[in-house]
Amino acid sequence: MNLIADRLNRISPSLTIAMTAKARALKAAGKDVIGLSSGEPDFDTPRNVKDAAIAAIERGETKYTDVAGTPALRKAVCEKFKRDSGLDYKPEEIIIATGGKQVIFDALVATINPGDEAIIPAPCWVSYPDIVQLAEGTPVIVQCGQNAGFKMTGEQLEAAITPKTKWLILNNPCNPTGAAYNAEELKKITDVLMKHPHVWVFTDDIYEKLNYDGFKPATILEVEPRLRDRTVTMNGCSKAYAMTGWRIGFAGAPVHLIKAMDKLQGQSTSNTSSVSQAAAIEALTGPQESIEEMRKVYERRRNMVVEMLNQAPGIRCHKPEGAFYVFPDMRGCIGKTTAGGKKIETDEDFTIALLEEVGVATVHGAAFLSPGHFRISYATSDEALREACTRIQKFCAGMK
């Protein structure tokens, strides 16, 4: 009898986490490595948020809370959705979870039966298809190429929907590409969804605050309020407020689904950290200036990285609308040999050689179901990014 359950054979370890761990190990061994693989802000959590957490500790707010979150935080989330997107949610339609990933897990595991399908535009975040498969569902991957701005069209969605489709999972702005949909682009998606009342929508808006050049990402219910009864609107504090380690994700959804997610969460992690919840209240309701300060820095970094990567032989880099990633096409390097003697046959070959030969850690595109690319996070210092892009230029120029 095997100890490990068969269901774990359906999923893989997170390749982004694996590359970040490998880079850290090389650094610890004394290697000169620039890590661009982690999807984590390099800024510190804002001072007012940290102070709110300390004050909560001093007040003794260190006990269990309701599984779905404290009433105060659920109210703050309602206010956030109304302020930023014009969405009207009641506290009973809100759940607080241990990061956005748990919101996704709760929603999919609570609803997917064996054989149910979830449509996922690719390139996509590594965890979406694995969570669908862990829930015994079937990911239906829709490839959205760089020439289309890495965005799914209404026609592509229509072609992917079957009687077994239960979910569309949409990340806006997107990890790993930074691509984002505005209201006009989303309208083409929602028009299709209105024709298929059996399809639910999970919209992951965790990067919504990080957008550039005046671009405004929309969310599904802003564009089509009639989808409210079958939409989960997810967000969190990790990216906009530099709070990845605090583990705060949240979602608005119909009450019957929130109750199902609460039931599942109650038998897994129970409530999110009470102290983190107190910090999240301050993040959502307190001063918001820190977001704009970080956004401006990310925009400057994005511009520099895109410009420098497009000067590297064999690389073609799209300028993204949001998040803090670029997803360059490296297929111009396929078939070449590096200065260190490595034959590049895949995007994984490229990223491994890039790490081993010049000390730049990235993530290969196949990890995001889009071979021929690689992901760079520009959530690190300008100096590190400039040096990393210089190394990439030299690495590509040295190929034959």
Side-chain angles (χ1 to χ4, degrees), residues 45-104 106-107 110 202-209 219-222 225 227-266 268-291:
T45 301
R47 181 73 256 173
N48 62 304
V49 175
K50 293 191 287 187
D51 287 343
I54 293 168
I57 293 171
E58 297 295 346
R59 290 193 301 268
E61 295 180 14
T62 56
K63 309 297 184 183
Y64 292 130
T65 75
D66 293 343
V67 171
T70 64
L73 180 52
R74 294 169 85 180
K75 179 174 181 289
V77 170
C78 291
E79 293 170 354
K80 174 260 181 294
F81 279 139
K82 180 65 173 178
R83 177 182 69 241
D84 293 342
S85 306
L87 306 183
D88 288 305
Y89 281 109
K90 298 175 182 177
E92 59 266 30
E93 297 175 303
I94 302 296
I95 191 167
I96 313 299
T98 307
K101 186 177 287 189
Q102 187 175 28
V103 174
I104 300 165
D106 286 349
F202 189 104
T203 177
D204 178 349
D205 300 339
I206 196 80
Y207 295 97
E208 68 161 348
K209 298 287 189 180
T219 194
I220 287 287
L221 295 185
E222 281 183 289
L227 289 169
R228 194 181 192 285
D229 289 342
R230 49 189 172 109
T231 297
V232 176
T233 304
M234 192 209 89
N235 215 303
C237 294
S238 295
K239 313 302 182 180
Y241 299 96
M243 292 177 65
T244 49
W246 298 79
R247 307 312 299 136
I248 291 287
F250 50 80
V255 171
H256 67 284
L257 178 54
I258 292 294
K259 287 182 176 179
M261 294 166 69
D262 179 278
K263 180 179 180 181
L264 176 61
Q265 191 165 298
S268 53
T269 61
S270 193
N271 65 274
T272 304
S273 161
S274 59
V275 175
S276 293
Q277 291 189 64
I281 294 170
E282 174 63 23
L284 296 176
T285 64
Q288 303 293 300
E289 290 81 6
S290 62
I291 296 176

Handout entry: Flag, side chain of Thr272 to backbone of Ala97, donor-acceptor distance under 3.5 Å
Key = yes

Completion exercise
Separation between NZ (Lys80) and CG (Leu87), nearest 0.5 Å, reads 8.5 Å

Exercise for the section: Nearest 0.5 Å please: distance from the NZ atom of Lys90 over to the CD1 atom of Ile258. Expected result: 14.0 Å

Fill in the blank from the handout: Taken to the nearest 0.5 Å, the spacing of Asp262 CG from Asp66 CG works out to 8.5 Å

Problem - Backbone N/O of Thr219 and side chain of Glu222: donor-acceptor pair under 3.5 Å - result: yes

Handout entry: Test item: Gln102 and Thr269 side chains (from C-beta on) under 4.5 Å apart, heavy atoms
Key = yes

Handout entry: Minimum side-chain heavy-atom gap Ser85-Leu221 below 4.5 Å
Key = no

Handout entry: Contact check, side chains of Met234 and Ile206, non-hydrogen atoms, under 4.5 Å
Key = yes

Fill in the blank from the handout: Of all heavy-atom pairs linking Val103 and Met261, the shortest is O-CE, 3.7 Å

Practice task
Search all heavy atoms of Leu264 against all heavy atoms of Ala110 and return the closest pair with its distance.
Solution key: CD2-N, 4.2 Å

Practice task
Measure from the side-chain N and O atoms of Gln288 to the backbone N and O of Ala283, and report whether any donor-acceptor pair falls under 3.5 Å.
Solution key: yes

Exercise for the section: Using modelled atom types only, decide if a donor and an acceptor are shared between the side chain of Ser276 and the backbone of Ile248 within a distance under 3.5 Å. Expected result: no

Handout entry: Lys50 NZ: over 12 foreign heavy atoms closer than 6.0 Å
Key = yes

Fill in the blank from the handout: Cys78 and Pro91 have their tightest heavy-atom pair at SG-N, 3.5 Å

Fill in the blank from the handout: Tested for side-chain contact (heavy atoms from CB on, under 4.5 Å) against Thr203, the lone hit among Thr233, Leu227, Asn235 is Thr233

Exercise for the section: Measure up the Phe81 and Phe250 rings against each other and bin them: parallel (under 30°), tilted (30 to 60°), perpendicular (over 60°). Expected result: perpendicular

Practice task
Please test Arg247 against Cys237 for side chain to side chain contact (heavy atoms under 4.5 Å, CB included), starting from the C-alpha separation and ending with a verdict.
Solution key: CA-CA 8 Å; Arg247 307 312 299 136; Cys237 294; over 6 Å; no

Practice task
Kindly compute the distance separating CD (Gln265) from CG (Asp106), expressed to the nearest 0.5 Å.
Solution key: 4.5 Å

Practice task
May I ask you to decide if Tyr207's main-chain N or O and Asp205's side chain share a donor-acceptor pair within less than 3.5 Å?
Solution key: no

Practice task
Identify the two heavy atoms, one from Ile57 and one from Thr62, that lie closest to each other, and give their separation to 0.1 Å.
Solution key: CA-CG2, 4.4 Å

Problem - Side-chain ion pair, Glu93 and Lys75, N-O less than 4.0 Å - result: no

Handout entry: From Ser273 atom OG to Trp246 atom CH2, the distance as rounded to the nearest 0.5 Å
Key = 8.5 Å

Problem - Residue that, paired with Ile96, satisfies side-chain contact (heavy atoms from CB on, under 4.5 Å) out of Thr65, Val67, Leu73 - result: Leu73

Completion exercise
Taken to the nearest 0.5 Å, the spacing of Ser268 OG from Lys263 NZ works out to 13.0 Å

Exercise for the section: Might you point out which heavy atoms bring Glu282 and Pro287 nearest each other, and give the distance in Å? Expected result: OE2-CD, 3.6 Å

Handout entry: N-O pairing of Arg228 and Asp88 below 4.0 Å
Key = no

Exercise for the section: For the pair Gln277 (side chain) and Thr70 (backbone), establish whether a donor and an acceptor sit closer than 3.5 Å, ignoring hydrogens and angles. Expected result: yes

Practice task
Mark yes or no for whether Thr285, through its side chain, and Ile281, through its backbone, hold a donor-acceptor pair below 3.5 Å.
Solution key: yes

Exercise for the section: Report yes if the side chains of Thr45 and Tyr241 come closer than 4.5 Å at any heavy-atom pair, otherwise no. Expected result: no

Practice task
Would you mind reporting whether Asp204 and Ile104 have side-chain heavy atoms less than 4.5 Å apart?
Solution key: yes

